[in-house]
Amino acid sequence: MKSLENKKYYPEIESSVSFPNIEEEILIKWNKEKTFMESLSNRKDSKEFVFYDGPPFANGLPHYGHLLTGFVKDIIPRFQTMMGNKVDRRFGWDCHGLPAEMESEKELGISGRKQIQEFGVENFNNHCKESVMKYTKEWEITVGRQARWVDFVNDYKTMDLNYMESVMWAFKQLWDKGLIYEKDRVMPYSWKAETPLSNFETRLDDSYRERIDPAVTVKFEITETNLDFNNNHKSYLLAWTTTPWTLPSNLACAVGKNIDYSLITKNNENFIIASNVLENFTEELKDMKIIKKIKGEKILGTKYEPIFSYFKANKNSFRVLSADFVNTEEGTGIVHMAPGFGEDDQIVCEENNIQLVCPVDDQGRFTKEVTDYYGINVFDTNEKIILYLQEKNTLFKKEKYTHNYPHSWRTDEPLIYKSVNSWYVNVSSFKERMVELNQGINWVPNHIKEGTFGKWLEGAKDWSISRNRFWGSPIPVWKSDDPKYPRVDVYGSLEDLEKDFQVKPTNLHRPFIDKLTRPNPDDPTGKSTMKRVSEVFDCWFESGSMPFAQVHYPFENKSWFESHFPADFIVEYIGQTRGWFYTMMVLSTAIFDKPPFKNCICHGIVLDKNGVKLSKKLRNYPEPELIWKKFGSDSLRWFFAASPILKGQNLQIDMEGKGISDTQRLIITPLWNAFYFFCLYANAEGIKAKENYTSENPLDLYALLKTKELINSIENNLSNYDIAGACQSVPNFIDAINNWYIRRSRPRFWKHADNKDSSNAYDTLFTVLLNITKVLSPLMPLISEEIYTKLTGGKSVHLLNWPTTDFFPKDDDFLNKMDIIREICSAGLSIRKSNNIRVRQPLEEIILVGENLEWILEFKDYILEEINIKNIIIQKDSDSLYKEKLTIDLRKLGPKLGKNIKDCLEGANNYEWKINEDGTAKIRKYILLEDEYSIEKESMPGTQSEEINKGEIVASLKLELNQELIKEGIARDVLRTIQNKRKDLNFDISDEINVIIWGDTQVQSSIKQFKDYISINSLAKSIKIQELKETEEINISEEKKIRLFIKKN
RNA sequence: GGGCCCGUAGCUCAGUCGGUUAGAGCGCUACUCUGAUAAAGUAGAGGUCGGAUGUUCGAGUCAUCCCGGGCCCA
């Protein structure tokens, strides 16, 4: 069938290939040919599509979450590039912050502020600078292997001088707008790291762990109250706490106004406690008597004696206050308040003019006011304090309490809540504006806008942006060191600094920046000095500054920034609604009064098989390396892209990568097979195909229209940032091409290279493959590149424009027709199945009943061949095959008939209806208008007929056999048996053979009659009918057996 | 305790404006077909749509409550 002198226009493709190997070769090729750069320079003068790349922490290795984000960060820009836009992709690195410092401390074997200072801030920061970039190589390798195109050369780093200057500028902008203030506030505080942490810092690293703490219920002796206990005993408030160490700092107690409390008495002591917690104290309150029940508001104003006397003189203190946050879930319904160590406590006490006390130093030790515990870490004083309470007879109850408590992610020590001085952005003053601006952002999934993100903005609190640390952008505030001559200077540029300090800094890091001091201009004595405050920025302030800081705005690139802000598109995981999305929103609203981005995809979290977050400790995920080697990165990309994870849901991934192998098996391999088929036969026939949209062959038309449909679908979905939606249209398409178009067209691809229809087939398949490699290129960039380049010899599919559908056929109705043809074939096969008639047995005819079905005859051959039948009969109606069934339009009739709809429905289903001459229908006593019902065909019960296209067509097979048909069936059985034997003997497709067969007389006569048919299809040079005693009998069907011998010619 | 998301077949998920008998893909079983294809076709098994109550002629879909999971905030 093939001749050796045929010219081969396509590479010889293996049917089974190693996709990982192909991928690696493509990556090498891209590298060599600098394809990414070319894709950018091609679009030099095009409209820009602005993408912001969120900077990862540089000192960790990339994991699945990064891979996932990375795929999306690649898919959308590739698509937009093909759509004619220029899409810059600058990589960014988040260099500053606590993780970087902690890593350095570990590497240097030092810990804590004191040791860093001894080591030298300059040395320490130098080390941070090196250490923080140590995994950049690994990042480049991984990002490269996932076929993500990123510009690593022009990357930005948050530790660059230019970047830091822009951050400084941003702070000055906020300062000038009056949005910055400095204040003591209670914050999560790490006494190991000696710095407060922002609330999202404690969350993002999953810092909550189980911890067992003592929980004590203590007695506060009442000194003055309006309550009447009807006796003269001493009275006490019962309060509960899991942090006994905060008791020395107690300044008040709080109750809920509307909570019910009981006044009770036992053993000559009175107590106040919430009524519905009494059952938790049955033992301690055995034999108690309830004096009366009251609402919390009656207790307000009651005064008590502090347990510790350190702050006895504090004004307005030691009273019962009202607080909304009090509940009776745990404890006593009376909350002990230490405003130095609880945020809620602080707010309530401030409202009541109580000045807070905070007798704990930076390292978590009591200061000297607390004489008894001076210098001891607060956690170590818990037991000592409990002992003291016992001695003083103020301990009412002691328990162990297990709860989730935040820990420092690095050092594992429990955090404390502690009042510290910090710089704040007054976010609450413009949160309404953020909510408004948020309306202009398109979120994927949509519910993020009003849900997670919208709600977060509505409740936004002021943001603590300073950290008492070393490695970070400095807070650019200089203060007078003498409170008698106060002065504050804030700087927004290097130039401003130079003006006042006569030096232009070349490094804004500590300790260099701290060396800039000058005499206080407001101090006539000339003795005080302007010194920088010691804090550095929260690194989230820096990443939030990325839109402008990455280009050193406003000092450079002014017009660039103005045309590249806001971004068209960003993507990160859903948790960034508290992180990067949020901090960008804050800064962008405050400084520019604009949203920072227009479209944002929030993807979900990658989990293991059991729904547990992936973690290095658990090793509960396959190494990316393994996935690359086994399946390649396109499989992983598709697995992610087609999954619900892009709609904010979680995605489970198992150790063996099952979902990933399914992707390869169900998507990539079938696509490859279509390509392989094309190359195999085009080479065999010596054909060079060309792009051609004009074939009128129905199969070609169908393939082209399916392709057009696919292009439109992927384009619409990707334009709307619905990547999973784009993927979803592909399996159906591949099925149509492989299992219908190619299968039905197969004979057109061989043995008649000169034939017009054949070249149409080649051209069409070529055109289909060419177009799908284009539209799939964002979704599987490596495999589509391989197919494209092998198919066309072109440079790269990624340098092309998105295909236009202008050239494709317009007859979209044709698609429906062909789909009905496919349905008819399914019905035919189904009828065969239920009647137990094998497909090789030809049948006489298929009967199709319905209105206006003549068009089906155009497609006659496909049906005949697919279900092995001789003829098609089309009829208008047939009483024996179907009944007419009336279907009511419930949407219309439901409201009209109300309760009677049931009766009407029953009538319709029992065929108690008739159509009137005016087109109305009568069912039982109801009259239905013409548009309130429809008539469909319903096949008669039995095995011979099936409904198609929702009852518009009924198909039936004529099942009777005659001698001719039986003989032909036997001939096909024989052929199949010969073919199987060839396969068993490993003969080549083109080997010619000689055949000897023996069977009964019916078999013999079949073979004689269909000798040509058998020999042509099995490449048999000769077929002899001859007795074969030695060879085994083979069943060729349920009834027939033959003996068969074949050998190569 | 509050907010957001989710709960539909063994698995992964669709399910429009509430509408008659709840779908797809994968997996499983049987049969069929097959010289590009580790492919394909036909069928079968597999569902109290997390639970309850309510609204309605009618609820997977709407409302309320509860249960379970995830994320976030207290």
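Treat the numbers as computed from the prediction; the structure is a model and nothing was measured. All values below were derived from every heavy atom in this structure, side-chain atoms included, with hydrogens, water molecules and symmetry-related copies excluded.
The distance from atom CD1 of Ile645(A) to atom P of rC5(B) is 18 Å, rounded to the nearest whole Å. A straight line from CG of Leu890(A) to C1' of rG18(B) spans 11 Å, rounded to a whole angstrom. Look at CD1 on Ile888(A): it is 12 Å from C1' on rG58(B), rounded to the nearest Å.
With rA36(B), rC13(B), rU42(B) as the candidates, the nucleotide lying closest to the side chain of Ser830(A) is rU42(B). Considering only the side chain of Arg976(A), rG35(B) comes nearest among rC26(B), rA74(B), rG35(B). The nucleotide whose nearest atom lies closest to any side-chain atom of Arg665(A) is, among rC13(B), rU34(B), rG27(B), rG27(B). Minimum atom distance to the side chain of Arg578(A) is reached by rC73(B), of the listed rC73(B), rA36(B), rG41(B). Distance from the side chain of Arg972(A) is smallest to rC33(B) among rC33(B), rC13(B), rA74(B). Set against rC5(B), rC33(B), rC31(B), the side chain of Lys833(A) has rC31(B) as its closest nucleotide. For Val839(A), taking side-chain heavy atoms from C-beta onward, the closest of the listed nucleotides rC71(B), rU34(B), rU32(B) is rU32(B). Side-chain atoms of Arg891(A) lie closest to rC17(B) of the nucleotides rC17(B), rU20(B), rG35(B). The side chain of Arg982(A) lies closest to rG35(B) when the candidates are rC5(B), rG35(B), rA36(B).
Legend: residues meeting side-chain hydrogen bond (donor to acceptor under 3.5 Å, both in side chains) with Thr69(A), ordered by chain and number and at least two apart, are His603(A). In this structure Ser729(A) satisfies the side chain to side chain contact (heavy atoms under 4.5 Å, CB included) test together with Leu710(A), Ser713(A), Ile714(A), sequence neighbours excluded. Residues satisfying the salt bridge (Lys or Arg N to Asp or Glu O under 4.0 Å) test with Arg832(A), not counting sequence neighbours, are none. Listed by chain and residue number, Ile441(A), Trp443(A), Lys449(A), Phe453(A), Leu457(A), Met585(A) satisfy the side chain to side chain contact (heavy atoms under 4.5 Å, CB included) test with Asn438(A) (two or more places apart in sequence, or in another chain).
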Which dot-bracket string fits RNA chain B when only Watson-Crick or G-U wobble pairs with both atom distances under 3.5 Å count, crossing pairs get [ ], and | stands for a partner on a different strand?
-> (((((((..((((.....[...)))).(((((.......))))).....(((((..]....)))))))))))).
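Residue pairs meeting the salt bridge (charged side-chain N to carboxylate O under 4.0 Å, His left out) criterion with at least one member in residues 667-676 of chain A: none, sequence neighbours excluded.
Mapping Arg743(A) and Ile574(A) onto RNA chain B via the closest heavy atom, the residue that lands nearer the 5' end is Arg743(A). Looking at which nucleotide of RNA chain B each of Leu829(A) and Ile737(A) is closest to, the 5′-most match is held by Ile737(A).
Comment: Arg924(A) engages Asp903(A) in a salt bridge, judged by a side-chain N to carboxylate O separation of less than 4.0 angstrom.
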